[in-house]
Amino acid sequence: IGIALTGILFFLKSNTSFRKNKKLFALMAYCIAPVCSILSIALMFLVKNNMVAQKIDILFSCRFSISYSKMCSVGLKIFNFNSNDVFYNDGLVLDNGYLFVLLRFGFIAVGALCVIGCILTRKYKMYIFKLICLFCVFSMAFIDNFFLSYRFFPFLILAFVNKNQISSNK
């Protein structure tokens with residue numbers, strides 16, 4: 001997926017007719033975090049009974065089956081207060097960033113991720129390549145758990161720092 005997104009980025013950079021449509025990219029960037037969150041949660045619940053969800057689960061290395069097993073052991077909560085010992089007791093590793101945040105910290109934390117995505121999109125809606133970057137980052141979280149790693153910290157900083165402060169430090 002990362003290679004495909006990079007290829008799309010190069011295509012869009014070379015094609016000027018696509019770059020003119022900033023509203024479409026802003027809409028895509030606004031929607032990616034909520035869509036990936038909802039899709040992840042839906043696939044996690046559907047994987048036990050739906051053949052299509054099971055095929056998608058196999059395509060994604062059984063991420064949703066593992067997430068369903070983890071959900072059965074730790075439960076779903078609005079805000080989760082489990083310790084690391086309780087959460088990691090079963091030895092299951094979650095590769096989907098949205099499901100990891102949901103099961104580890106609860107629905108409030110997933111909502112906060114969606115809000116961060118919206119803040120970043122609103123802040124950089126006039127910069128098409130930054131929107132494409134945001135789209136790539138939030139779509140890659142569907143197959144990688146990096147919301148709590150150092151790779152995501154620059155995006156958190158960008159979300160809560162004034163855009164003028166960044167450009168004045170050049």
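The closest donor-acceptor contact from the side chain of Asp57 to the backbone of Arg63 lies under 3.5 Å. Distance alone, capped at 3.5 Å, is enough to place a donor-acceptor pair between the Lys123 side chain and the Leu158 backbone. Of the possible donor and acceptor atoms, one in the side chain of Tyr98 sits under 3.5 Å from a partner among the backbone N and O of Phe138.
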Begin from the C-alpha positions of Leu76 and Leu102 and carry the test side-chain contact (heavy atoms from CB on, under 4.5 Å) through to its verdict. CA-CA 8 Å; Leu76 274 180; Leu102 172 71; 3.6 Å; yes

Test log, rule ring pair (Phe, Tyr, Trp, His ring centres under 6.0 Å), inputs Tyr124 and Phe135: CA-CA 12 Å; Tyr124 298 106; Phe135 182 83; over 10 Å; no

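Closest approach of Ala141 to Phe147, counting heavy atoms only: CB-CZ, 3.2 Å. Residue Leu134 comes nearest to Thr121 through the heavy atom pair CD1-N, 3.9 Å, listed as atom of the first residue, atom of the second, then distance. Between Ser61 and Ile66, the closest heavy-atom pair is O-CD1, 4.5 Å. Minimum interatomic distance between Ser67 and Leu99 (heavy atoms only, all atoms of both residues): OG-CD1, 3.3 Å. The two atoms that bring Gly106 and Asn80 nearest to each other are N-CB, 4.0 Å, heavy atoms only. A pairwise comparison of heavy atoms in Cys118 and Tyr30 identifies O-CE2, 3.6 Å as the closest pair.
Separating the CD1 atom in Ile108 from the CG atom in Leu113 is a distance of 12.0 Å, to the nearest 0.5 Å. We find the CG-CG distance between Leu27 and Leu131 to be 10.5 Å, quoted to the nearest 0.5 Å. In this structure, Leu94 CG and Tyr88 OH are separated by 8.0 Å, a value rounded to the nearest 0.5 Å.
A search for ring pair (Phe, Tyr, Trp, His ring centres under 6.0 Å) contacts involving Phe87 returns Phe100, not counting sequence neighbours. For Phe45, there are no ring pair (Phe, Tyr, Trp, His ring centres under 6.0 Å) partners, not counting sequence neighbours.
Linking ILVMFWY side-chain heavy atoms closer than 4.5 Å, directly or via other members, places Tyr127 and Ile119 in a single hydrophobic cluster. Ile58 is not connected to Val52 by any chain of hydrophobic side-chain contacts under 4.5 Å among Ile, Leu, Val, Met, Phe, Trp and Tyr, and they are in different clusters.
Atom NZ of Lys55 has 12 or fewer heavy atoms from other residues, nucleotides or ligands within 6.0 Å.
Below 30°, between 30° and 60°, or above 60°: for Phe142 and Phe64 the angle between ring planes is between 30° and 60°, a tilted geometry.
The shortest side-chain heavy-atom distance between Ser69 and Leu92 falls under the 4.5 Å cut-off. The shortest side-chain heavy-atom distance between Asp144 and Asp95 does not fall under the 4.5 Å cut-off.
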